Amino acid sequence: MQTQMLKNYFIICLCFFSCGMKGVFASGLEVSVAGDMVYQQSLSEESDAGDKVLLRGAELLFFAPTDHNFDGVISAAAHDEGGNVMFEVHEMYLASSKIIPYSNFRVGQFFLGIGRLNRFHQHDWNFTYAPRVHRDLLDNEGVFDSGLEYTLYLPTDLPLELTVGITSGFRFGHAHTAGAGPLAPTHYARMAGFYPFSSTNGVQLGFSYLGRKENNKNRMQLIGSDLTAKWRDGKFIRLLLQSEAWFRTQKNAFGEVSQQAGLYLFGEYGLSQANSIGLRVDGFKDLTKENSITNKSINQIHYGFTGQWTFHSSEFTKVRATVTHEMEMEEGVQTIDDSRFDLQFIFIMGSHPAHEF
Amino acid sequence: MKKIFIYVTFLIVGCGSLTGEYTGADQVNVVDADSTPELEVEIHSKIEPEDKNTITEKPKAEVEVEKPSVETKIPKLFSLGGVTAKPLNGGGYILDGVANNSGDAGHAFEVKLQLKNNKKTTFTFFGSKRLGGGIDISFQKVDESVQMTIVHNKLSHTHTLKGVHPHSVDVVIDIHNDHADTHILLWKKGKDFFDNEGCTFDGGCLYNTEDFAFDVWVGVGKASGVYWGIKESEEGSIIQIKGPLDANSNA
């Protein structure tokens, strides 16, 4: 079945490129193909790094206006999971910013419009791997689901936008199967504002909420904030600051409550148009972890430190070298000691949608 | 700037919750027989305060309180298969160790059993403190084979483990409770950790829930808790158990 999936993936690519491309492009269809490869090298005994080149993702993205009212987007990606190649549709939705005034909506399957990283494809991130808080509370890449999302651009002097969404909730995070029908579907909201410092610099601040109730009666609520600030110098970003903080609370059918919180702070300085250096600090804590025998609270904390250098050949090709150290302490004992070096190659062929701020 | 740096340093060093320092979470409380009246009341008094806010107030003098003995304060703990176990009211044991990330995680468990009669040995993984809402995996000797039964969110499947003898059940169980539908894999200990589709049928693993994803485990969902334990067992059947460990498979 895995071989069949790979075959299907390449047949789609082959059909597209061999069958009347001129006619297809004349309709306004844009195609983008993105490749993301990472060479992982462990620097500590306990590292999870595979010491090999990982073909992390190959993504096909099709987007175009379908008519004068709507835009269509389809993206599919192949990922390596433990040596198996998994091919899946990431996004397929119809969107419109023309039907309802001051509004944009999309219906279909898409990455949920919460936070910062979750709204961007992995190959568009400013670093190689997601921080612990994102990996644990959302997913290694991001949470996507099928449903409806609506964004209202508030008629205020300061640009403010409110996004609300409701999705099926059958799946949240990693899934190979259909998932189970929830008792309450996934519902979320994000309020974001943008403050410009100048015509080229500004900061965006957002606050997000997500809730759902699974079929096993586990209720989850997630709240978070995201901040992105950019200072440009001509054509490139001289300084980027990016941060997210998340807090999750869950209550199961037996009334047991668990809470986790985490954040990351990332700063990147552009040395030139082609080179930038960055530093990220992550923190994550399970606030309610308990010893099962004594029922006493376990003192646990996770830290991550990432230093990186990125070579921007253009907006279509980047090479990024990263050194990461992640550590976890639990009751005075170090339970995680993961140091690694990663060399990431990202390339995009064809068109690419304009990036959000 | 210097003052801010010093302040943050003291905050981090002085704030134990940000350093993960040892706080004695694994220490079992032994209460002295000469404990304070308030503590004695808290444990043995039959007073039911109307208002929860008054629970710390001293009781009325006419209430007689039995002075507790030290033995009644120490919970009875056992070692089962090398893991500390605490008995639960109503039967069964909760085992030492909890899952990460409030159960939204993948872990491995090693189970070594010797099954002699037909009684089931049932483990619960990712359950509540009372081992409810978890994944129950039972092993039972049937003739000269081992039958495994998995019960999860009202769905169940019984499967004979090929090549496993009841006198020597030595398996590794991966439970990925961070998937939309919990993904469970079993291997014989010492085998490579294959997790490709069909690994149950091509001999790469003893069992893989994804091999039965479209008939048995449709929409099963996830388990609810972080604890693991034993619901029932044949006496002397548990030789060695370990968990929760890092998951062996990334699938």
Side-chain angles (χ1 to χ4, degrees), chain A residues 1-2 48 81-84 86 136-137 139 170-182 214-218 220 248 250 252-260 283 285-303 327-335, chain B residues 16-29 75 77 84-86 94-98 100-106 127-130 132-133 153 176 178-181 183 193 195-198 209-210 213-214 217-229 246 249-251:
Chain A
M1 189 167 173
Q2 172 188 320
D48 285 338
E81 284 184 23
N84 296 322
M86 306 298 292
D136 275 20
L137 303 193
D139 194 15
F170 274 63
R171 311 198 296 183
F172 187 88
H174 196 81
H176 296 160
T177 53
E214 295 173 12
N215 72 329
N216 60 7
K217 299 181 186 174
N218 271 25
M220 180 185 82
R248 180 177 73 180
Q250 294 191 100
N252 66 16
F254 308 92
E256 295 166 356
V257 175
S258 64
Q259 294 172 333
Q260 294 80 32
K285 188 171 176 71
D286 191 329
L287 302 168
T288 50
K289 195 170 185 181
E290 251 183 32
N291 185 297
S292 53
I293 301 297
T294 65
N295 296 127
K296 290 181 181 176
S297 189
I298 291 175
N299 188 11
Q300 171 268 352
I301 189 86
H302 179 104
Y303 288 113
M327 54 171 282
E328 184 164 307
M329 295 293 293
E330 188 170 296
E331 288 293 308
V333 176
Q334 187 163 1
T335 52
Chain B
S17 63
L18 294 179
T19 60
E21 66 181 16
Y22 180 68
T23 58
D26 57 346
Q27 292 294 312
V28 176
N29 271 349
L77 302 178
T84 305
K86 184 170 77 173
I94 195 162
L95 298 171
D96 190 21
V98 291
N100 290 333
N101 198 25
S102 108
D104 194 17
S128 68
K129 278 182 184 173
R130 297 287 174 203
N153 284 341
H176 303 165
D178 51 353
H179 292 194
D181 293 317
H183 184 194
F193 298 114
D195 50 32
N196 56 296
E197 288 183 31
T209 51
E210 287 194 358
F214 300 106
W217 300 112
V218 180
V220 65
K222 293 157 72 164
S224 301
V226 300
Y227 302 98
W228 69 308
D246 288 342
S249 156
N250 289 325

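Chain letters run A, B, ... following the sequence lines, proteins first, then strands; residues in each count from 1. None of the values given here were measured: they were computed from a predicted structure.
Interface residue A:N299: backbone and side-chain heavy atoms are both found under 4.5 Å from chain B. Both the backbone and the side chain of A:D136 have a heavy atom closer than 4.5 Å to some heavy atom of chain B. For chain A, the nearby part of B:D178 is the backbone; its heavy atoms alone come within less than 4.5 Å. With a threshold of 4.5 angstrom between heavy atoms, A:D48 does not approach chain B through any atom at all. For a residue to count as touching a neighbouring chain, one of its non-hydrogen atoms must lie under 4.5 Å from one of that chain's; by this rule A:Q334 does not touch chain B. Residue A:A253: no heavy atom, backbone or side chain, is found under 4.5 Å from chain B. Heavy-atom distances place the side chain of A:D286, and not its backbone, under 4.5 Å from chain B. The contact between B:V220 and chain A is made entirely by backbone atoms, counting heavy-atom distances below 4.5 Å. For chain A, the nearby part of B:A223 is the backbone; its heavy atoms alone come within less than 4.5 Å.
Summarising the geometry of A:F254 relative to B:G133, their closest heavy-atom pair is CZ-N, 3.4 Å, with the distance given to 0.1 Å. Scanning all heavy atoms of the two residues, the minimum distance from B:K86 to A:N295 falls at NZ-OD1, 3.2 Å.
Side-chain atoms of A:E331 come within 3.5 Å of backbone atoms of B:A25 as a donor-acceptor pair (strictly under, hydrogens ignored). Between the side chain of A:E256 and the main chain of B:K129, a donor-acceptor pair closer than 3.5 Å is present. Side-chain N or O atoms of A:T294 include none that pairs as donor or acceptor with a backbone N or O of B:D26 at under 3.5 Å.
Considering CG of A:N291 and CD of B:Q27, their distance stands at 10.0 Å, rounded to 0.5 Å. The CG atom of B:L18 lies 7.0 Å from the NZ atom of A:K285; values are rounded to the nearest 0.5 Å.
If you tally non-hydrogen atom pairs under 4.5 Å between each of B:N101, B:N153, B:D104 and chain A, the highest count goes to B:N101. Among A:P182, A:A175, A:G179, A:G181, the residue with the largest count of heavy-atom pairs under 4.5 Å with chain B is A:G179. Heavy-atom pairs under 4.5 Å with chain A peak, among B:S17, B:G219, B:G221, at B:S17.
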Q. Does the pair A:T177 and B:D181 meet the rule for a side chain to side chain donor-acceptor pair (under 3.5 Å), with working shown?
A. CA-CA 7 Å; A:T177 53; B:D181 293 317; 2.6 Å; yes

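When side chains are defined from C-beta on, A:K217 does not count as touching B:S224, because their heavy atoms never get closer than 4.5 Å. By the 4.5 Å heavy-atom criterion applied to side chains, B:N100 and A:H302 are not counted as neighbours.
When the options B:V98, B:T84, B:L95 are evaluated for a side-chain contact (heavy atoms from CB on, under 4.5 Å) with A:I293, the one that passes is B:T84.
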